[in-house]
Amino acid sequence: MEYDFTAIEKKWQKYWDENKTFKTEYQPDKPKFYVLDMFPYPSGSGLHVGHPEGYTATDIVSRYKRMKGFNVLHPMGWDAFGLPAEQYAIQTGTHPSVTTKQNCDTFRRQIKALGLSYDWDREINTTDPSYFKWTQWIFSKLFNTWFDPGIQKGRPICELSIPDFIKSLGEKGIRQYIDSKRLAYYDNAQVWWCGNCKIVCANEEILNDGSHEKCGTKEVVRKNLKQWMLRIPHYAERLLTGLDTLKEWPESVKDMQRNWIGKSTGAEVDFIVDQTDIKLKVYTTRPDTLFGATYMVVAPEHELLNKLVIEEKMAEVALYIKAASLKSDLDRTELAKEKTGVFTGRYAINPVNNEKIPIWVADYVLMGYGTGAIMAVPGHDTRDFEFAKKFDIPVICIMDPINAESGLREKVLKGEACWTEDGEYINSSNSENELDINGMNKQNGILTITNWLEEKNLGMTAVNYKLRDWLFSRQRYWGEPFPVVHWEDGEITLLDNEELPLELPVLENFQPGEGGESPLANATDWLVVTDRNGRKGRRETNTMPQWAGSCWYYLRYIDPANDKVPFSAEKEKHWMPVDLYIGGAEHAVLHLLYSRFWHKVLYDLGIVSTDEPYKKLYNQGMILAFAYETDSGSKVPSDLVDEKDGKYFHKETGEELKQIVAKMSKTLRNVVNPDDVINSYGADSLRLYEMFMGPLDATKPWTENGVKGVFNFLCRAHRFFADMNNISNEKDDQEVMKVLHQSIQKITSDIDNLKFNTAISQLMIFTNLAIKKGKVSLKTAKTFALLLSPFAPHLGEELWNLYGGGKTLSFEPWPQFNEKFLKEDTFEYPISFNGKLRFKIYFPLNADREEIEKVVLRHEKAQKWIEGKQIKKVIVVPKKIVNVVVI
RNA sequence: GCCCGGAUGGCGGAACUGGUAGACGCGCUGGACUUAAAAUCCAGUGGACAGCAAUGUCUGUGUGGGUUCAAGUCCCACUCCGGGUACCA
């Protein structure tokens, strides 16, 4: 009987589809399990083999949990807004919604061909107005929320109390005050603009060398445009501390988020500017190095800069500011770049010793972090050191690197090298103001000086975060429209909830508007609004970024058809949090941080019931492919490569090539298409292979032979288990029962730990034994079908059906292992001498140490190792090992 | 530079809280079936050495040290590879 995988897979996919086998009903009395995939962007090129990896993993867990009696929520949908469909529209005039629909259809067909147990009735699409209605609704919530730092909580804007001095400013002042507190606000911000494409780009589209990834030109500049921003830094502390509660997240992801949030503790210190009444505030993490400060730097954008500069330096400084403003952030931060700067002609007074230090302007200080001004300590900060060396500014060593190697220590003490580590302070006292930290270490120094600053009212402890406001608008057509009107008098109002969704206008011209505006600027009818009083307004032409839809989609799956509210509160309470979330590591920071941020806001507003959305997170690894390169490192497309005796040669030049592992790419011609794999080996083989390749989180290269290997296993399994001649009425022998129950135990715990590769190897071990035995009982064969089914569901169902098990095995109870079959009464002890294994002896499990020791030492084979030596001791580890130590 | 992660046969990878390294699969070798091949089945397979052989000895988890009766696993130093991030004061 042949393994006709195509027929089997079609048959069961049709069955699941028609019977809605995996439709999830709301059953509050049953334990729930919510398994989520990071939903895909449906690109035009269809599924690649990377997609099924995560999807198969979650599918295995879903099927397993169903059999374990859980009510499983396992949905799929489309993150379908995005640039490619819009660019295609610019080129061809095809509306993005048409392209999007086609792509979704392809993705759905391909995903269904994998036999994944999604509840397709819950399918969502971020471009669907019935979906983005609620994305807009959440935006309104963000707009109408402020963060109360006192209780570290988001609150409705109507609960914001207005200070009296603001009230006295009148309506406009009040409005400005309120706007300055909203989590969503509208303000000038810099964006990337590609002069070649005449389009605004996202940060991630700008490559490290400053070129635009789409067109390759370097005509990318910064432009100042009015933008929507979200005040995510207000939630920095919550987002940070929340990480500690996520016990089932990979440490690496949490570390990346911590780094991204970038909390640092230090002090703000006020410096008086000599001969002025200006106070210059700096932020430093090293207030202990104040005695070593030999100059100060302010960022070119610093608001006090113009007031600071002395007359004679005005022109030079103005020139410098101009030059800096033309540089992109990238130029400014490019490594190995020579530092630049200009002296302002002004001096500041160092509060610890009243010495005058020059104030410079330099673009290595960024306006967006801290106070935009620093005290520079070249002796103990590498950047300041570089700058000081270049401009001949004195370097004072105030910390003796007592543990450094002597040559370096000499240099540091002379100010010829920079030392940033711990040591012992020197030159750090001033008797006039009773400050002395000489001899202390870094930790005490920081503490002492900070206390001193606070006492003297010169500074205070301060905390800073690297996390910046989130630029939340894109100058694009194919995104969620903002439910916003800009009125001619400057007021911004939101649409009423009843007016949502605000749909996109139908356009024929998708070219960007003038001056960096989105194509929506062309939709004049849609754009202009007039209110009841004849006041004219204009809709927002920006749209939301792609992150918006993916920030909350896991909530919509809970109640996808609800048109009254985004989701019912009762159902939300039942299903949340997501129990298992699997996706690529590329979303470790942005998507997961943004999504956590929105969730926390919704939580504060009482809209969701949990503080964190995702209980367990797991990153699947990337699937790579073999590629080939010449000695000089140039890549050779895979179809130009011949293999001979494990070596690789260029088909045309005959040159020997190196096999390397690389990302699949069209240019390397090593892309594997899941459709092809399914046609040749079936979906079960594809699923099984992707899980068998290695640990789920590892990056691993695809090999055709590997697929053949698991295909071969499924053929063997089918040949044996689908042949009723091999299924007997008799009881299985002890060995079969033992391995069967070992398999149940191992596969169960492996699925719980997402170790699918070893679970599959156990299925193979059992199959090998069954084939060797020639017959197994019906009960055992049924158990095997159940164990196999999460991994290879089509074959699992087919066997189950063959054994007369009923309609579908999807809700059959998961097999339980019985300890009694695993019990052994003897153990084969490895006997080692001085740690080296020499031979083995069986002992009954209840044999005591003395007895084992006696038998081992008397054993014939032992004499060889004992002879002429002294037995120092004998170590017996029950059920593990015996080690005889001789000298 | 900084922060993570990794390195085990020809290849992908196993190895519980330190206790028989190399499970399972691929590849390879030999054999059976076949006119032949494919498919299938059986056996072998880290390396070196000795032996006709069963077998035996040595060696072996990136490198160098250490702890331990015992180290792939723990500690210290280093090399290489992958990911993230970068004038964040």
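Each chain gets a letter, A, B and so on, in the order the sequences are listed, and its residues count up from 1. On a predicted model such as this, the values are computed, not experimentally measured, just so you know.
Ranking C16(B), U85(B), C4(B) by closeness to the D255(A) side chain, first place goes to C4(B). Of the candidate nucleotides A15(B), U20(B), C3(B), A15(B) has the atom lying nearest to any side-chain atom of K755(A). Closest contact between the side chain of N705(A) and the listed nucleotides A89(B), G27(B), U57(B) involves G27(B). Here the side chain of K339(A) is nearest to one of A89(B), C87(B), G84(B), namely C87(B). Looking at the side chain of T758(A), the nearest of the listed nucleotides U85(B), A15(B), U57(B) is A15(B). When distances are taken from the side chain of M764(A) to each of G13(B), U20(B), C24(B), the shortest belongs to C24(B). Side chain of W865(A), nearest nucleotide from A23(B), C16(B), U57(B): U57(B). Of the candidate nucleotides A15(B), C58(B), A89(B), C58(B) has the atom nearest to the side chain of R838(A). The T284(A) side chain lies nearest to A89(B) when the options are G13(B), A89(B), C24(B). The side chain of R719(A) approaches U40(B) more closely than any other nucleotide in the set A89(B), C24(B), U40(B).
Between F692(A) atom CZ and C26(B) atom C1' there is a gap of 9 Å when expressed in whole angstrom units. The distance from atom CE of M256(A) to atom P of C2(B) is 18 Å, rounded to the nearest whole Å. We find that CG of N757(A) is positioned 8 Å from P of A15(B), with the value rounded to whole Å. If you measure from atom CD1 of I760(A) to atom P of A14(B), you get 12 Å, rounded to the nearest angstrom. Spacing between atom NZ of K836(A) and atom C1' of G19(B) amounts to 17 Å, rounded to whole angstrom units. Here G25(B) presents its P atom at 13 Å from CG of L714(A), a figure rounded to the nearest Å. In this structure, W260(A) atom CH2 and C2(B) atom P are separated by 20 Å, rounded to whole Å. Between the CG atom of D750(A) and the C1' atom of C16(B) there is a distance of 12 Å, rounded to whole Å.
At the heavy-atom level, N464(A) lies nowhere under 4.0 Å from the strands shown. As judged by a 4.0 angstrom heavy-atom cut-off over every strand, R468(A) is placed among the base-contacting residues. Residue V877(A) is classed as a base contact, given a heavy-atom separation below 4.0 Å to a base. Among the atoms of the strands shown, none is found under 4.0 Å from any heavy atom of D384(A). Within the 4.0 angstrom heavy-atom criterion, only backbone atoms of the sugar-phosphate kind lie near S264(A); the bases stay farther away. If you check every strand for non-hydrogen atoms under 4.0 Å, K772(A) touches nothing. Within 4.0 Å (heavy atoms only), I765(A) reaches sugar-phosphate atoms of the nucleic acid but no base atom. Here R258(A) lies out of heavy-atom contact (under 4.0 Å) with every strand. Residue contacts for G709(A): at a heavy-atom cut-off of 4.0 Å it reaches the sugar-phosphate backbone alone, with no base atom in range. Contacts of N259(A) with the nucleic acid, taken as non-hydrogen atoms under 4.0 Å apart, involve only primed sugar atoms and P, OP1 or OP2. Using a 4.0 Å heavy-atom criterion, one finds that N834(A) contacts no nucleic acid atom at all.
Looking only at distances, a side-chain donor or acceptor of K700(A) sits under 3.5 Å from a matching main-chain atom of A698(A).
Salt bridge status for E824(A) with K738(A): present, with a side-chain N to carboxylate O gap under 4.0 Å. Salt bridge D244(A)/R258(A): present, at least one basic N to carboxylate O contact under 4.0 Å.
Proximity of N883(A) to the phosphate of U20(B): no side-chain N or O atom is located under 4.0 Å from OP1 or OP2. For the pair N619(A) and G5(B), the criterion of a side-chain N or O lying under 4.0 Å from OP1 or OP2 is not met.
Ring centroid separation for the pair F839(A) and H859(A) comes in under the 6.0 Å cut-off. For an aromatic pair to be called close, the ring centres must be under 6.0 Å apart, and W249(A) with Y618(A) fails this.
Shown here, C24(B) forms a base pair with G12(B); the pair counts as Watson-Crick or G-U wobble because both key distances fall under 3.5 Å. A 3.5 Å limit on both hydrogen-bonding distances identifies A50(B) as the Watson-Crick or G-U partner of U55(B). The partner of U85(B) is G1(B), judged by Watson-Crick or G-U wobble contacts that both fall below 3.5 Å. Partner assigned to G60(B) is none, using Watson-Crick or G-U wobble distances below 3.5 angstrom. When both pairing distances are held under 3.5 Å, C41(B) makes a Watson-Crick or G-U pair with G31(B). Applying the Watson-Crick and G-U wobble criteria (two distances, each under 3.5 Å), G19(B) pairs with C69(B). Across all strands shown, A7(B) pairs with U79(B); the Watson-Crick or G-U wobble distances both stay below 3.5 Å.
Here the separation of C26(B) from G13(B), taken at their P atoms, is 16 Å to the nearest Å. Straight-line distance between the P atoms of G84(B) and C75(B): roughly 27 Å, to the nearest whole Å. Comparing U29(B) with G47(B), their P atoms sit 14 Å apart, to the nearest whole Å. Going from the P atom of C80(B) to that of A21(B) covers 32 Å, rounded to whole Å. Across G10(B) and C3(B), the matching C1' atoms stand 36 Å from one another, rounded to whole Å. To the nearest whole angstrom, the two P atoms, one in C16(B) and one in A23(B), are 15 Å apart. Comparing the same atom, P, in A53(B) and in C42(B) gives a spacing of 27 Å after rounding to whole Å. Distance noted for atom C1' between G62(B) and A7(B): 6 Å (whole Å).
Cation-pi geometry between K339(A) and Y364(A) is met: the NZ or CZ atom falls under 6.0 Å from the ring centre, inside 45° of the normal.
Atoms CD and CG, on E690(A) and L696(A) in that order, are 10.0 Å from each other to the nearest 0.5 Å.
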Handout entry: CA sep, side-chain torsions, deciding dist, call: F827(A), Y829(A), ring-ring contact (aromatic ring centres under 6.0 Å, His included)
Key = CA-CA 6 Å; F827(A) 179 76; Y829(A) 277 89; 4.9 Å; yes
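A donor and an acceptor atom, one from each side chain of Y628(A) and N670(A), are nowhere located under 3.5 Å apart. N726(A) and R719(A) share no donor-acceptor pair across their side chains, judged by distance under 3.5 Å alone.
Looking at which nucleotide of RNA chain B each of T699(A) and N768(A) is closest to, the 5′-most match is held by T699(A). Mapping S761(A) and G835(A) onto RNA chain B by nearest heavy atom places S761(A) closer to the 5' end of the strand.
Annotated as anti: G10(B), whose O4'-C1'-N torsion sits more than 90° from 0.
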